Asks: 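The structure under discussion is supplied below as structure tokens; questions concerning it will follow.
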Amino acid sequence: MDINKTIEKYKNKEISVYDHTKKVLEKIKNDKTNAYISFNEEDSLKRAKYLDQKLKSGENLGKLFGIPVSVKDNISYKNMKLTCASKMLEDFTPLYNATVVENILDEDGIIIGKTNMDEFAMGGSGETSYFGPVLNPLDENLIPGGSSSGSAVSVAKGDVLVSLGTDTGGSVRQPASYCNIIGYKPTYSMMSRYGVVAMANTLDQVSLFANNVKDLRILASAVQSPDQMDMTASLEKYKFSDDDFSFEGKKVAIIKNDNNEFNITDSVYEDYKNAIDLIKNKGAIIEEVDLKYSKYANEVYSVVMSSEVSSNLSRFDGIRYGYQTEDYKDVEELFIKNRSEGFGENVQRRIALGTMYLSSEDNQRIYKQGLKIRSLIIEELKEIFDKYHFLITPTTVDLPSKLGIYTDNPLKDFSSDIFNVIVNLAGLCGVSVPVRKGISGSIQIIGDRFKDKEIINACEEFERIKNED
């Protein structure tokens, strides 16, 4: 099943929106992977009945007519709680819809559930949620990746065809790779962030999951829009047109990995080389490039991200809303206890790091140095895209690890994402596509800013040629 086939079944009266929605809700109720934090059965079925009536009336149908969509629980939908998988917001219910949610509703989609995630989107394993870890549906002993773990799992195990996550440094592409599905991080500013809880403003972007590229394109077209409520959002509606595409004659940059300086595991690198061979056999011109500055991307990302986290999460103090301790002596202790009890260890660690990086005592020396190297990474990638159509990397440097390894070793949190974070640091677009079925490596096709249509079309062609092989 895909989006178009599902809508066709509705039109042919092979199934009603109501019955299909009810089946999806039953699957969510019986979920064994802990992929969801909340769902609203009454609201979903009420909307399904409305859509069945709309079909009977002969009105024009939206691009997502009757399609259940899961949404990461840091994106606001006023009919469900917004927790960010944190004790701090355990009982918080928003008063408005995020723009991306409003766009899904305008296209006749159904928000079926809010998905589990690493707390406040901080983590790469799906294990830091206050509501418990998310399990990988391919092997429940393995992590699903993060931080958009629940959204990835909801697609991978077939509950929904498509899902919304957010991607700050690989938080959609990494779990897409670990769960063997498609993950798309749009160009920065492509998707409105209004109604999305900020983690790191200059890095965050609403991003998408799907099982195939055609569905990804439909969802992207439905969700993207200009938005006056987001000062960083694109001013124009972007067209994700399905243009003819061929790798013939395309100049493709691939990573130079002498002495395995990126620490890529053998199986992931083998999948990567096999994927490059498939593309080369279709006429692409393949050339290695040396990522001179990008090799330091994880360190730069840690500094920039933690600094922005420290600033953004200062608003969560438990005074106006959110968790508030019951036992305190004075206002100072109230603030301390609200935040130390309301935030998990990983969130507290990043706040502390960011506060240190932003300290005026050493004139924010580390933070400013991080910004300088970020500029060098941006310039390095710009030079690559002046010469090449695409940069293709492995999505992650390893396969999903066993549960517990990330929680025991906080330094491992960014280790798999070096090729993801460069995309966020430079505001580029990237799509992760599986190379083969099961637990395996994925490739990431990266494009210059606003070349989203081109990389999606390239991914669809890769999807076709790998299935031929």
Side-chain angles (χ1 to χ4, degrees), residues 34-40 69-104 111-134 144-155 163-175 183 185-186 188 191-209 223 227 229-230 232 305 308-309 311-316 321-323 342-344 346-347 350-351 424:
N34 200 29
Y36 302 89
I37 289 176
S38 62
F39 61 93
N40 185 333
V69 181
S70 62
V71 175
K72 188 176 181 179
D73 202 23
N74 60 346
I75 301 174
S76 179
Y77 178 43
K78 65 183 178 182
N79 290 341
M80 293 182 201
K81 290 194 299 183
L82 187 156
T83 71
C84 291
S86 177
K87 183 178 181 179
M88 179 63 78
L89 294 176
E90 183 179 6
D91 297 314
F92 178 72
T93 302
L95 300 175
Y96 66 97
N97 292 329
T99 298
V100 289
V101 164
E102 203 66 53
N103 291 346
I104 288 172
I111 307 298
I112 201 74
K114 301 295 287 295
T115 55
N116 206 350
M117 55 185 280
D118 282 300
E119 185 183 8
F120 277 99
M122 297 181 208
S125 69
E127 297 176 285
T128 69
S129 169
Y130 174 67
F131 301 97
V134 183
S147 62
S148 304
S149 28
S151 291
V153 170
S154 69
V155 173
S163 181
L164 294 189
T166 58
D167 192 313
T168 305
S171 287
V172 159
R173 289 157 293 154
Q174 185 235 40
K185 185 267 171 192
Y188 184 80
M191 304 291 172
S192 168
R193 293 185 296 120
Y194 177 70
V196 180
V197 177
M199 175 184 160
N201 299 65
T202 69
L203 304 168
D204 296 342
Q205 190 67 178
V206 172
S207 300
L208 319 180
F209 292 102
V223 170
D227 187 10
M229 300 298 290
D230 177 5
T232 67
M305 173 274 298
E308 295 186 16
V309 161
S311 175
N312 278 321
L313 267 67
S314 62
R315 75 191 75 174
F316 298 105
Y321 57 87
Y323 172 81
F343 290 137
N346 197 33
V347 173
R350 298 197 194 194
I351 292 172
N424 297 79

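All values reported here derive from a predicted model rather than from experimental measurement.
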Asks: Is the shortest side-chain heavy-atom distance between Ile111 and Val101 below 4.5 Å?
Replies: yes
Asks: Heavy atoms, side chains only, cut-off 4.5 Å: are Tyr77 and Val71 in contact?
Replies: no
Asks: Does either side chain, that of Ser207 or that of Asp167, offer a donor lying less than 3.5 Å from an acceptor on the other one?
Replies: no
Asks: Measure the CG-CG distance between Leu203 and Asn424 for me, rounded to the nearest 0.5 Å.
Replies: 6.0 Å
Asks: Under the rule for side-chain hydrogen bond (donor to acceptor under 3.5 Å, both in side chains), what residues qualify as partners of Asn116, not counting sequence neighbours?
Replies: Ser129
Asks: Mind checking whether Phe316 and Tyr323 have side chains closer than 4.5 Å, heavy atoms only?
Replies: no
Asks: Out of curiosity, Lys185 NZ to Gln174 CD, how far, rounded to the nearest 0.5 Å?
Replies: 16.0 Å
Asks: Does a side-chain heavy-atom distance below 4.5 Å link Tyr188 with Arg193?
Replies: yes
Asks: Enumerate, atom names and distances included, each donor-acceptor pair closer than 3.5 Å involving a side-chain atom of residues 92-100, sequence neighbours excluded.
Replies:
from: Asn97; atom 1: OD1; to: Lys78; atom 2: N; distance (Å): 3.0
from: Asn97; atom 1: ND2; to: Glu102; atom 2: OE1; distance (Å): 3.0
from: Thr99; atom 1: OG1; to: Asp227; atom 2: OD2; distance (Å): 2.6

Asks: Mark yes or no for whether Ser147, through its side chain, and Asp118, through its backbone, hold a donor-acceptor pair below 3.5 Å.
Replies: no
Asks: Calculate, to the nearest 0.5 Å, the distance between atoms CG and CD belonging to Asn34 and Glu127 respectively.
Replies: 12.0 Å
Asks: To check you understand the geometry: which heavy-atom pair defines the closest contact between Phe39 and Gly113, and what is its length?
Replies: CB-CA, 4.1 Å
Asks: Between Asp204 and Thr168, is any side-chain donor less than 3.5 angstrom from a side-chain acceptor?
Replies: yes
Asks: Taking atom types as modelled and ignoring hydrogens, do the side chains of Gln205 and Thr166 form a donor-acceptor contact shorter than 3.5 angstrom?
Replies: no
Asks: Let's go through Glu119 and Ser86 carefully: what are the C-alpha distance in whole Å and the side-chain angles of both, what is the deciding distance for side chain to side chain donor-acceptor pair (under 3.5 Å) to 0.1 Å, and is it a yes or a no?
Replies: CA-CA 5 Å; Glu119 185 183 8; Ser86 177; 2.7 Å; yes
Asks: Compare all side-chain heavy atoms of Asn346 with those of Phe120 and state whether any distance is below 4.5 angstrom.
Replies: no
Asks: Give a yes or no answer on whether the side chain of Asn74 reaches the backbone of Val196 with a donor-acceptor pair at less than 3.5 Å.
Replies: no
Asks: Which heavy-atom pair separates Ser163 from Val69 by the least distance, and what is that distance?
Replies: CA-CG1, 4.2 Å
Asks: Roughly how far apart are Lys81 NZ and Asp91 CG, rounded to 0.5 Å?
Replies: 5.5 Å
Asks: Hydrogens and angles aside, do Lys72 and Ser148 bring a side-chain donor and acceptor to less than 3.5 Å of each other?
Replies: yes
Asks: Got Val309 and Met199 here, is their nearest side-chain heavy-atom distance under 4.5 Å?
Replies: yes
Asks: Taking all atoms of both residues into account, what is the closest heavy-atom pair of Val223 and Met191, and its distance?
Replies: CG1-SD, 3.8 Å
Asks: Just verifying a value: how many Å separate Cys84 SG and Met117 CE, rounded to the nearest 0.5 Å?
Replies: 5.0 Å
Asks: Heavy atoms only: give me the nearest Pro175-Ser171 pair and the separation to one decimal.
Replies: CG-O, 3.1 Å
Asks: Hydrogens and angles aside, do Asn312 and Asn201 bring a side-chain donor and acceptor to less than 3.5 Å of each other?
Replies: yes
Asks: Taking atom types as modelled and ignoring hydrogens, do the side chains of Ser151 and Thr115 form a donor-acceptor contact shorter than 3.5 angstrom?
Replies: yes
Asks: Any chance you could lay out the side-chain contact (heavy atoms from CB on, under 4.5 Å) test for Glu90 and Phe131, step after step, and finish with the verdict?
Replies: CA-CA 9 Å; Glu90 183 179 6; Phe131 301 97; 4.2 Å; yes
Asks: Just to verify, what does Asp73 make a side-chain hydrogen bond (donor to acceptor under 3.5 Å, both in side chains) with, not counting sequence neighbours?
Replies: Thr83, Lys114
Asks: Quick one, Leu89 and Tyr321 - any side-chain contact, counting heavy atoms below 4.5 Å?
Replies: yes
Asks: Counting C-beta onward and ignoring hydrogens, is there a side-chain heavy-atom pair between Phe343 and Ile351 closer than 4.5 Å?
Replies: yes
Asks: Nearest heavy-atom pair of Ala152 and Phe209: which atoms, and what distance?
Replies: CB-CE2, 3.6 Å
Asks: Any chance you could measure Ser76, atom OG, to Met80, atom CE, to the nearest 0.5 Å?
Replies: 11.5 Å
